[in-house]
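Atom set for the values below is all heavy atoms of this structure, side chains included, hydrogens, waters and symmetry mates excluded. Just so we're on the same page: letters track the sequence lines, and every chain starts at 1.
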2 protein chains.
Amino acid sequence: MSNNQFKRGELYSVINGMATTAVARRLQKNFRNAGLEITIEQWSVLYHLWKEDELSQQELGTRTFRDKASITRLIDNLEKLGLVIRVASKTDRRVNLVCLTDAAKPLQQMTYDLANQTMHESLKNISKEEIEIVKNVFQRVYDNLTSPDLS
Amino acid sequence: MSNNQFKRGELYSVINGMATTAVARRLQKNFRNAGLEITIEQWSVLYHLWKEDELSQQELGTRTFRDKASITRLIDNLEKLGLVIRVASKTDRRVNLVCLTDAAKPLQQMTYDLANQTMHESLKNISKEEIEIVKNVFQRVYDNLTSPDLS
DNA sequence: TTGAATTAGTTGCATAACTAACTATATGTC
DNA sequence: GACATATAGTTAGTTATGCAACTAATTCAA
């Protein structure tokens with residue numbers, strides 16, 4: 001009966017190895033070709049800071065689906081690049097607020113444009129409806145795996 | 001007009017950070033809970049060898065969407081675990097054929113069952129039609145990014 | 001108010017990814 | 001046959017991931 005839904009391992013290997021990393025690799029390549037020396041992982045952090053600056057590392061982890069240790073090291077590298085700084089929170093001394101520097105500003109429009117270009121290359125001939133379904137399925141997969149089991 | 005198709009970065013962050021890694025993490029966790037000491041990356045190589053044994057590293061790279069260097073080290077680690085061996089090809093001395101050992105045999109059914117279980121957890125309440133659309137979109141994204149541009 | 005439990009962040013360890021440079025073998029062409 | 005080119009695999013260097021153990025600060029509760 002499981003085989004009614006998917007051939008063994010097939011969907012898994014599709015999900016894990018193919019389209020998603022192809023998109024990531026293309027975006028990384030487009031960054032490099034444009035002379036940008038940041039990784040897509042670093043970009044994903046900057047992306048959330050451009051939406052809302054001065055987030056805690058914890059909050060950045062939640063928004064980018066990473067654990068604390070990964071965020072610690074991503075912020076280390078972004079600090080080395082001079083794109084963010086850690087500022088101690090005044091209300092909770094455990095917390096670092098991650099703040100964009102002036103050096104990060106010029107990257108915003110450039111990386112948005114490259115991300116859009118990459119999405120256009122990736123989503124050529126794919127309809128809005130299909131994209132909505134994919135996004136919706138992904139959200140539900142994520143919810144299936146992260147919400148507590150109520151059964 | 002790009003915003004007609006997707007909100008900036010939104011689909012990207014969905015694809016890159018969320019559902020796919022949640023599935024991978026869950027499968028890894030299910031392996032660990034079952035006492036299996038292999039990574040999902042190692043499993044993805046074994047998976048293809050169970051379908052067809054004695055593949056070259058090159059061919060394994062193609063089938064698992066990895067580059068040569070990644071395959072070299074995955075095979076290194078699988079050899080250390082005693083699950084595969086490298087056998088020099090008799091017809092082309094550049095080629096290593098990667099061969100399953102007897103130690104890998106008992107893992108096949110067990111990991112298939114765990115992968116199926118993981119897929120059931122992930123795909124709860126997601127219809128066959130939606131799964132087909134996701135698979136189809138992924139294939140077309142991959143094709144968009146890997147086939148030569150004919151425009 | 002003191003002691004337990006929780007939360008934020010860091011560090012060590014192992015695995016894995018990509019790029020680029022490298023060796024060795026094979027192939028194709030003059 | 002000899003040289004250029006292509007292919008298979010390895011290695012070095014950098015970045016990233018997950019887990020577990022750890023410190024420091026905060027909160028909760030008796």
Side-chain angles (χ1 to χ4, degrees), chain A residues 16-18 20-33 36-45 54-62 64-81 83-98, chain B residues 16-18 20-33 36-45 54-62 64-81 83-98:
Chain A
N16 188 51
M18 203 176 80
T20 60
T21 56
V23 174
R25 265 181 255 172
R26 175 61 60 96
L27 183 56
Q28 181 74 73
K29 196 171 117 187
N30 287 346
F31 278 1
R32 224 179 11 253
N33 289 345
L36 284 178
E37 293 297 325
I38 59 172
T39 67
I40 50 167
E41 291 82 4
Q42 292 166 358
W43 173 75
S44 75
V45 171
E54 299 183 22
L55 295 173
S56 69
Q57 297 188 193
Q58 195 66 41
E59 184 57 29
L60 275 172
T62 304
T64 63
F65 307 100
R66 288 186 171 86
D67 73 353
K68 296 185 299 180
S70 297
I71 290 295
T72 292
R73 281 180 257 248
L74 276 175
I75 302 302
D76 286 348
N77 286 331
L78 283 168
E79 259 193 334
K80 272 187 226 156
L81 292 169
L83 299 174
V84 304
I85 50 169
R86 287 173 165 98
V87 176
S89 165
K90 282 164 187 158
T91 56
D92 185 338
R93 290 200 297 164
R94 292 171 304 181
V95 171
N96 290 335
L97 298 176
V98 180
Chain B
N16 189 52
M18 201 176 82
T20 62
T21 55
V23 174
R25 264 180 258 173
R26 175 60 61 96
L27 183 56
Q28 182 73 74
K29 198 171 116 187
N30 287 345
F31 279 179
R32 223 179 11 254
N33 288 345
L36 284 177
E37 292 297 326
I38 60 172
T39 66
I40 50 167
E41 291 83 3
Q42 293 166 358
W43 172 75
S44 75
V45 171
E54 300 183 23
L55 295 173
S56 70
Q57 298 188 193
Q58 195 67 41
E59 184 57 30
L60 275 173
T62 304
T64 63
F65 308 100
R66 289 186 171 86
D67 72 355
K68 297 186 297 180
S70 297
I71 290 294
T72 292
R73 277 182 257 249
L74 275 175
I75 303 302
D76 286 348
N77 286 331
L78 284 167
E79 260 194 333
K80 271 186 228 157
L81 292 170
L83 298 174
V84 304
I85 50 169
R86 287 172 165 98
V87 175
S89 164
K90 282 163 186 161
T91 57
D92 186 337
R93 290 200 296 163
R94 292 171 304 181
V95 171
N96 291 335
L97 298 176
V98 181

Checklist entry - Which sits closer to the 5' end of DNA chain C, B:A69 or B:N77, going by the nucleotide each is nearest to? => result B:N77
Item to check | Pairwise 5' ranking along DNA chain C for A:L97 and B:K80, keeping only the more 5' one | outcome: A:L97
Check whether any side-chain N or O of [X] sits under 4.0 Å from OP1 or OP2 of [N], and answer yes or no.
X	N	value
B:R25	D:dG18	yes
A:R86	C:dT10	yes
B:Q42	C:dA16	yes
A:R66	D:dT17	yes

[X] has an atom [atom1]; how far is it from atom [atom2] of [N], in whole Å?
X	N	atom1	atom2	value
B:I38	D:dG18	CD1	C1'	16 Å
B:I75	D:dT10	CD1	C1'	13 Å
A:Q57	C:dT11	CD	C1'	13 Å
B:R73	D:dT14	CZ	P	13 Å
A:F65	D:dA16	CZ	P	19 Å
A:K90	D:dT26	NZ	P	15 Å
A:E59	C:dA8	CD	C1'	13 Å
B:I40	C:dT15	CD1	C1'	11 Å

Next on the checklist: So A:R66 and A:S44, do their side chains get closer than 4.5 Å, heavy atoms only?
Outcome noted: yes
NA contact type, [X], heavy-atom cut-off 4.0 Å: base, sugar-phosphate, or nothing?
X	answer
B:T39	sugar-phosphate
A:D76	nothing
B:R93	sugar-phosphate
A:I71	nothing
A:N96	sugar-phosphate

Using every non-hydrogen atom in the two residues, find where [X] and [Y] come nearest and quote the distance to one decimal.
X	Y	value
A:E37	A:Q42	O-OE1, 4.4 Å
A:Q57	A:V98	CG-CG2, 3.9 Å
B:I40	B:A24	CD1-CB, 3.4 Å

Checklist entry - Between the side chain of A:Q28 and the main-chain N/O of A:I38, is any donor-acceptor distance below 3.5 Å? => result yes
Item to check | A:E59 side chain vs A:S56 backbone, donor-acceptor pair below 3.5 Å | outcome: no
Item to check | B:Q58 vs B:R32, nearer the 5' end of DNA chain D by closest nucleotide | outcome: B:Q58
Item to check | Candidates D:dG18, C:dA16, D:dA25 - which lies nearest the side chain of A:S70 | outcome: D:dG18
Checklist entry - B:D67 side chain: which of D:dG18, C:dT10, C:dC18 is closest? => result C:dC18
Next on the checklist: Looking at A:R94 and D:dT26, is any side-chain donor or acceptor paired with a base atom of the opposite kind under 3.5 Å?
Outcome noted: no
